[in-house]
Amino acid sequence: MGCVLSQLAAKFAYFPPSPPTYQVEQLENGKLAAVSTSMPIDNNASLDVLRLPTKRGNKIVAFYLRNPYARLTLLYSHGNAADLGQLYDLFVQLKINLRVNLIGYDYSGYGASTGKPSEYNTYADIEAVYECLESEYGVSQENLILYGQSVGSGPTLHLAAKLPRLRGVVLHSAILSGLRVLCHENFSLCCDIYKNISKIRKVKCPVLVIHGTEDEVVHWLHGNGLWKRAREPYEPLWIKGGGHCNLELYPDYIRHLCKFIQEMENMNTKTHLKKIRQNANKRSNKTCCRISICSLPKSFTCSRPKRRKCFWRPKCPKCSKPKCVSCCMPRPTCSNCCFPRPSCTSCCLPRTHCTNCCCLPWPKWPECSIPRCGNCSCWPCFCCPGTSLRSNTNNPNE
């Protein structure tokens, strides 16, 4: 039932241009060339037209654009209702302004790619492109930035969750999930597609979110929700008045994107790993204070350690009262109870009232129960001989 609903959702999610805006031809030298029916494509030395096999049996088309001054590579996953023929001019502008190598691809069933579009086909498509970058162009994940627009945010986050040393991710008009766009629901179902709301938490690199405040297709709250759930969120760009397909026309778009790319270039692998460790330590300190702030020793009878920066106090395992001498009590108390003041070891009375033991700071008379009786020149004792006279003579009221 879930597969049937997923296929039904896919019919409403994918709208490939029909007919495609370009075709792929093979030249005499064996290389592939793209011929566009709407706008010219310059098949020069800086453009490689690729046809890549996927693990699901499809063959997809990809454009690889070189920049001789590039240090990073951008893997672009486009949105719905578009193909490489329509996006070629945008790729050229991004390659020049961002100073990156750029590779874009058509999903299965889009453009000149074979097969039919589906969620798992797009996952296989982007994995095939990444394998091509590794094997053919020597691009490692440390020098790779993933870019996903609209539906392209699905395969982008799918791959980003699998690459722990990725340099960065850009989410352009991204979605929380497929059904959340159609039904505006706040819960997930088995038939949902592109569950980015759960995959964003697995991404360990900086994430830049770009979204228009007047997006009529994917509400701005989708981008805001992804940005809040990111483990390492970068300063977002909320384009005031921007829609779903026109954000590239705003000057802030390319300006903010250039800033992000430059910071990713200046961040080496050592600095990136250091940031990952710092964020991991911050999250662990928030969830449990046992990891790094519990520096005091643990009691032998208490099952929980003493802590400095949390509000919990250790309790006695027998009487459930705090600060018992048998469980982490920092100052002495009665050994038979949990009285919080220093008291006698044989009873629960304070030391200043006990007459049956030697807890007093001064000696008491051995033959009576009154401390410091008359025979030791202090309080009058009527039980001891000779104290009445002394008490009368010492009484100041007479």
Side-chain angles (χ1 to χ4, degrees), residues 52 54-55 62 64-65 67 70-78 91 94-95 98-105 122-176 194-210 223 226-237 256-283:
L52 308 175
T54 71
K55 63 182 181 181
Y64 182 81
L65 289 80
N67 189 325
R71 296 173 56 187
L72 301 177
T73 300
L74 189 73
L75 199 167
Y76 194 105
S77 300
H78 62 72
F91 289 171
L94 292 178
K95 179 194 75 170
L98 301 181
R99 201 174 62 178
V100 295
N101 297 319
L102 189 146
I103 185 169
Y105 65 100
T122 58
Y123 294 160
D125 298 342
I126 194 171
E127 290 174 0
V129 175
Y130 174 68
E131 292 174 1
C132 174
L133 287 176
E134 276 191 318
S135 59
E136 299 296 330
Y137 298 97
V139 178
S140 62
Q141 58 179 291
E142 290 84 359
N143 297 321
L144 181 64
I145 295 178
L146 301 184
Y147 189 112
Q149 178 186 8
S150 188
V151 173
S153 61
T156 293
L157 289 178
H158 167 78
L159 182 62
K162 295 184 175 183
L163 303 179
R165 298 186 304 275
L166 194 64
R167 184 60 65 96
V169 170
V170 180
L171 298 178
H172 174 167
S173 301
I175 63 176
L176 286 171
Y194 298 129
K195 299 177 183 179
N196 297 336
I197 189 172
S198 59
K199 293 182 180 180
I200 187 65
R201 297 184 176 93
K202 301 178 183 179
V203 179
K204 299 179 181 179
C205 63
V207 177
L208 167 62
V209 177
I210 303 175
L226 291 173
W227 178 72
K228 288 182 177 180
R229 290 171 174 84
R231 300 175 65 173
E232 193 174 343
Y234 187 81
E235 179 185 358
L237 176 61
H256 198 78
L257 196 55
C258 284
K259 177 184 175 183
F260 176 75
I261 297 296
Q262 290 176 359
E263 291 191 17
M264 296 302 102
E265 287 180 347
N266 297 331
M267 182 179 64
N268 53 30
T269 304
K270 185 176 180 180
T271 305
H272 186 200
L273 294 177
K274 184 178 179 181
K275 285 186 176 182
I276 293 176
R277 296 190 189 100
Q278 290 176 352
N279 292 335
N281 291 335
K282 290 179 181 179
R283 287 189 300 273

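This one's a predicted model, so the numbers in the text were calculated from it and none came from an experiment.
- Considering CZ of R201 and CG of L226, their distance stands at 10.0 Å, rounded to 0.5 Å.
- Scanning for side chain to side chain donor-acceptor pair (under 3.5 Å) contacts around R99 gives E265, with sequence neighbours left out.
- Nearest heavy-atom pair, V169 versus T156, reported as atom, atom and distance to 0.1 Å: CG1-CG2, 4.1 Å.
- S77 is listed as a side-chain neighbour of I126, based on a closest heavy-atom distance under 4.5 Å.
- Minimum heavy-atom separation, T54 to A128: CG2-CB, 4.0 Å.
- Put simply, CG on L74 and CG on L102 are 5.0 Å apart, with the number rounded to the nearest 0.5 Å.
- Among residues two or more places apart in sequence or in another chain, the side chain to side chain contact (heavy atoms under 4.5 Å, CB included) test is passed with S140 by E142, N143.
- Side-chain contact between V100 and N67 is absent, with no heavy-atom pair separated by less than 4.5 Å.
- With sequence neighbours excluded, no residue forms a side chain to side chain donor-acceptor pair (under 3.5 Å) with N101.
- Taking both residues in full, the closest heavy atoms of L166 and C205 are given as O-CB, 3.1 Å, listed atom of the first, atom of the second, then distance.
- For the pair L94 and L257, the minimum side-chain heavy-atom distance is below 4.5 Å.
- Here the closest heavy-atom approach between residue S153 and residue I175 is recorded as OG-N, 3.5 Å.
- Atom OG of S150 is separated from atom NE2 of H78 by 11.0 Å, given to the nearest 0.5 angstrom.
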One pair to check against side chain to side chain contact (heavy atoms under 4.5 Å, CB included): L171 and I200. What are the steps and the verdict? CA-CA 11 Å; L171 298 178; I200 187 65; 4.2 Å; yes
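- A161 pairs by the side chain to side chain contact (heavy atoms under 4.5 Å, CB included) definition with K202, not counting sequence neighbours.
- Between P164 and Q141 there is a side-chain heavy-atom pair separated by less than 4.5 Å.
- Residues that satisfy the ring pair (Phe, Tyr, Trp, His ring centres under 6.0 Å) test with F260, not counting sequence neighbours, are Y234.
- To the nearest 0.5 Å, atoms CG (L146) and OH (Y130) are separated by 9.0 Å.
- For the atom pair CZ (R71) and CD (Q262), the distance works out to 10.5 Å, reported to the nearest 0.5 Å.
- In this structure K55 satisfies the salt bridge (charged side-chain N to carboxylate O under 4.0 Å, His left out) test together with E127, sequence neighbours excluded.
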After noting the C-alpha distance and the side-chain angles of Y105 and L52, does the key distance pass the side chain to side chain contact (heavy atoms under 4.5 Å, CB included) rule? CA-CA 10 Å; Y105 65 100; L52 308 175; over 6 Å; no
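- Qualifying side chain to side chain donor-acceptor pair (under 3.5 Å) partners for Y194, counting only residues two or more places apart in sequence or in other chains: Y14, T122.
- Judged by distance alone, with hydrogens and angles left aside, the side-chain atoms of R167 form a donor-acceptor pair with the main-chain N or O of M267 at under 3.5 Å.
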Using the side chain to side chain contact (heavy atoms under 4.5 Å, CB included) rule, take S173 and I210 through it: C-alpha gap first, then chi angles, then the decisive distance, then the call. CA-CA 6 Å; S173 301; I210 303 175; over 6 Å; no
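- Separation of atoms CD1 (I261) and CG (L98) is listed at 5.5 Å; rounding is to 0.5 Å.
- The shortest distance between side-chain heavy atoms of E263 and P206 does not fall below 4.5 Å.
- Looking at L208 and P236, their side chains never come closer than 4.5 Å, going by heavy atoms from C-beta outward.
- Applying the ring-ring contact (aromatic ring centres under 6.0 Å, His included) test to residues at least two apart or on different chains, the pairs with a partner in residues 149-168 are Y123-H158.
- Under the ring pair (Phe, Tyr, Trp, His ring centres under 6.0 Å) criterion, H172 pairs with Y147, Y253, not counting sequence neighbours.
- Applying the side chain to side chain donor-acceptor pair (under 3.5 Å) rule to K259 yields the partners E235; only residues at least two apart in sequence or on another chain are considered.
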Can you check side chain to side chain contact (heavy atoms under 4.5 Å, CB included) on T73 and Y137, steps first, answer last? CA-CA 10 Å; T73 300; Y137 298 97; over 6 Å; no
